[in-house]
S.K.: 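Take a look at this one; I'll ask things after.
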Amino acid sequence: LQRTFSIIKPDAVNRNLEGEILARIQKAGLRVVAMKKIHMTREQAEGFYHVHKERPFFGSLTEFMCSGPVVCSVLEGDDAIARYRELMGATNPANAAEGTLRKDFALNLEANSVHGSDAPETAAFEISYFFNALEIT
Ligand code: ATP
Ligand code: MG
């Protein structure tokens, strides 16, 4: 059993899609063990995406991530990290496979509707960045 961290990004929450996306996550067999809706400050978004701070898109990405509320959740299941990445689809929705969240919901490369941890170490960092022990069952 493994845990991963998910964000339903501002573009999706703005279009009132969090229910549909969470239903797809649950139908895929992943369990929601913690969840909250927050509106990040610029500093919080920059801390979350610190691994990308040297990338040319860092400024635009962090501005987008604090442009509106997001839904953060901790997902659990066998091989949850890889299974959620598969459900999300490619970063660029133009390359996302049929049946993936980004294929069905993403607007463009930046406003691509969902985030998912890419490795056990990043999942641990991201979960602890947004949730404390009392908030996780
Ligand atoms: P995420 O980390 O959000 O799950 P990812 O792991 O598929 O996505 P990363 O390479 O970690 O992709 O990029 C983080 C996010 O930065 C992407 O989801 C996207 O919103 C944005 N992004 C990535 N590449 C670009 C780019 N070239 N131009 C603009 N935005 C980008
Ligand atoms: Mg990533």
Side-chain angles (χ1 to χ4, degrees):
L1 214 58
Q2 189 178 57
R3 287 179 172 185
T4 190
F5 176 73
S6 159
I7 297 181
I8 301 175
K9 295 186 181 184
D11 68 286
V13 173
N14 183 245
R15 287 174 289 151
N16 214 14
L17 290 170
E18 63 263 39
E20 259 183 85
I21 291 174
L22 284 162
R24 296 268 294 265
I25 288 170
Q26 292 180 307
K27 280 178 190 149
L30 294 165
R31 195 169 286 276
V32 179
V33 299
M35 178 164 61
K36 61 184 163 194
K37 182 178 278 189
I38 62 168
H39 190 152
M40 280 187 265
T41 65
R42 188 68 180 266
E43 292 67 30
Q44 288 166 337
E46 287 173 354
F48 172 66
Y49 273 128
H50 73 279
V51 293
H52 294 314
K53 66 176 182 297
E54 306 303 333
R55 302 279 202 98
F57 57 82
F58 182 70
S60 175
L61 173 63
T62 54
E63 184 180 359
F64 162 64
M65 290 300 286
C66 63
S67 66
V70 298
V71 173
C72 300
S73 58
V74 178
L75 307 178
E76 186 176 80
D78 293 327
D79 204 18
I81 293 171
R83 279 170 58 212
Y84 184 51
R85 296 282 296 186
E86 195 179 328
L87 178 65
M88 289 196 303
T91 308
N92 187 339
N95 303 324
E98 293 294 332
T100 63
L101 296 173
R102 283 167 169 167
K103 173 74 178 182
D104 293 342
F105 300 118
L107 298 177
N108 53 58
L109 173 57
E110 177 175 88
N112 61 2
S113 301
V114 285
H115 161 82
S117 310
D118 57 13
E121 304 73 45
T122 51
F125 164 74
E126 292 171 359
I127 290 169
S128 67
Y129 192 79
F130 288 101
F131 292 95
N132 66 43
L134 280 175
E135 295 172 315
I136 302 177
T137 52

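Whatever order the structure lists them in is the order used to number ligands and atoms, beginning at 1.
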S.K.: Enumerate the atoms of ligand 1 whose separation from the nearest heavy atom of Asn112 is less than 4.0 angstrom.
M.R.: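 Once the distances to Asn112 are compared, the set is 17 (C), 18 (O), 19 (C), 20 (O).
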S.K.: In terms of residue, atom name and distance, what is the protein heavy atom nearest to atom 8 (O) of ligand 1?
M.R.: Arg102 NH2, 3.2 Å
S.K.: Examine distances only and state if a side-chain atom of Arg83 and a backbone atom of Ala28 form a donor-acceptor pair shorter than 3.5 Å.
M.R.: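 Yes.
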S.K.: Could you tell me whether a side-chain N or O of Arg85 sits under 3.5 Å from a main-chain N or O of Ala119, the two making a donor and an acceptor?
M.R.: no
S.K.: Among all protein heavy atoms, pick the one closest to atom 26 (C) of ligand 1 and tell me residue, atom and distance.
M.R.: Leu109 CD2, 3.3 Å
S.K.: Return the residue, atom name and 0.1 Å-rounded distance of the protein heavy atom closest to atom 10 (O) of ligand 1.
M.R.: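 The closest one turns out to be His52 CE1, 3.9 Å.
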S.K.: For atom 6 (O) of ligand 1, what's the nearest protein heavy-atom neighbour? Residue, atom name and distance, please.
M.R.: Arg85 NH1, 2.9 Å
S.K.: Looking only at atom types and distance, does a side-chain atom of Arg24 sit under 3.5 Å from a main-chain N or O of Glu20, one as donor and one as acceptor?
M.R.: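 Judged by distance alone, no pair lies under 3.5 Å.
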S.K.: Which is it for Met65 and ligand 1 at heavy atoms under 4.0 Å: side chain, backbone, both or neither?
M.R.: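 For Met65, no heavy atom sits under 4.0 Å from ligand 1.
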S.K.: Just heavy atoms, cut-off under 4.0 Å: does Glu126 contact ligand 1 by side chain, backbone, both, or neither?
M.R.: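 It is neither; nothing of Glu126 touches ligand 1.
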S.K.: Students should be able to answer this: which protein heavy-atom is nearest to atom 20 (O) of ligand 1, and at what distance?
M.R.: Glu110 O, 2.9 Å
S.K.: Is the closest side-chain donor-acceptor distance between Ser113 and Arg102 under 3.5 Å?
M.R.: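 Side chains of Ser113 and Arg102: no pair found under 3.5 Å.
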S.K.: Can you tell me the protein heavy atom closest to atom 21 (C) of ligand 1 and the distance?
M.R.: Leu61 CD1, 3.8 Å
S.K.: Kindly confirm or rule out a cation-pi arrangement of Lys36 over Phe131, judged by NZ or CZ under 6.0 Å from the six-membered ring centre and within 45° of its axis?
M.R.: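 Yes, Lys36 and Phe131 form such a contact.
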S.K.: Which of the atoms in ligand 1, numbered in the order shown and given with their element, are less than 4.0 Å from a heavy-atom of Lys9?
M.R.: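 Under 4.0 Å from Lys9, ligand 1 has these atoms: 3 (O), 17 (C), 18 (O), 20 (O).
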S.K.: If I apply the N/O under 3.5 Å rule, does Gly116 come out as touching ligand 1?
M.R.: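 Looking only at distances, the answer is yes, because the N/O contact criterion of under 3.5 Å is met.
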S.K.: Is a side-chain donor or acceptor of Ser60 paired with a backbone partner of Phe57 at a separation under 3.5 angstrom?
M.R.: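 No, because the side chain of Ser60 does not come within donor-acceptor range (under 3.5 Å) of the backbone of Phe57.
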S.K.: Taking all non-hydrogen atoms of both residues, which atom of Leu109 and which atom of Asn112 are closest, and how far apart?
M.R.: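 What the structure gives for the nearest pair is O-ND2, 3.4 Å.
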S.K.: Which protein heavy atom lies closest to atom 29 (C) of ligand 1, and at what distance to 0.1 Å?
M.R.: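 Going by distance alone, atom 29 (C) of ligand 1 is nearest to Phe57 CB, 3.6 Å.
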S.K.: For atom 2 (O) of ligand 1, what is the closest protein heavy atom, and at what distance to 0.1 Å?
M.R.: His115 ND1, 3.0 Å
S.K.: Are Phe5 and Phe130 close enough that their ring centers fall under 6.0 Å?
M.R.: yes
S.K.: Taking distance alone, no hydrogens or angles, what donor-acceptor pairs closer than 3.5 Å link side-chain atoms of residues 63-82 to residues at least two apart or in another chain?
M.R.:
from, atom 1, to, atom 2, distance (Å)
Ser67, OG, Phe64, O, 2.6
Glu76, OE2, Arg3, NE, 2.8
Glu76, OE2, Arg3, NH2, 3.2

S.K.: Looking only at the aromatic ring of each residue, does the gap between the centers of His50 and Phe58 stay below 6.0 angstrom?
M.R.: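 They do not qualify: ring centres at least 6.0 Å apart.
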S.K.: Heavy atom under 4.0 Å from ligand 1: found in Tyr49's side chain, backbone, both, or neither?
M.R.: side chain
S.K.: If you count the atoms of ligand 1 from 1 in the order shown, which ones are under 4.0 Å from a heavy atom of Thr91?
M.R.: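 So the answer, numbered in order with elements, is 5 (P), 7 (O), 12 (O), 17 (C), 18 (O).
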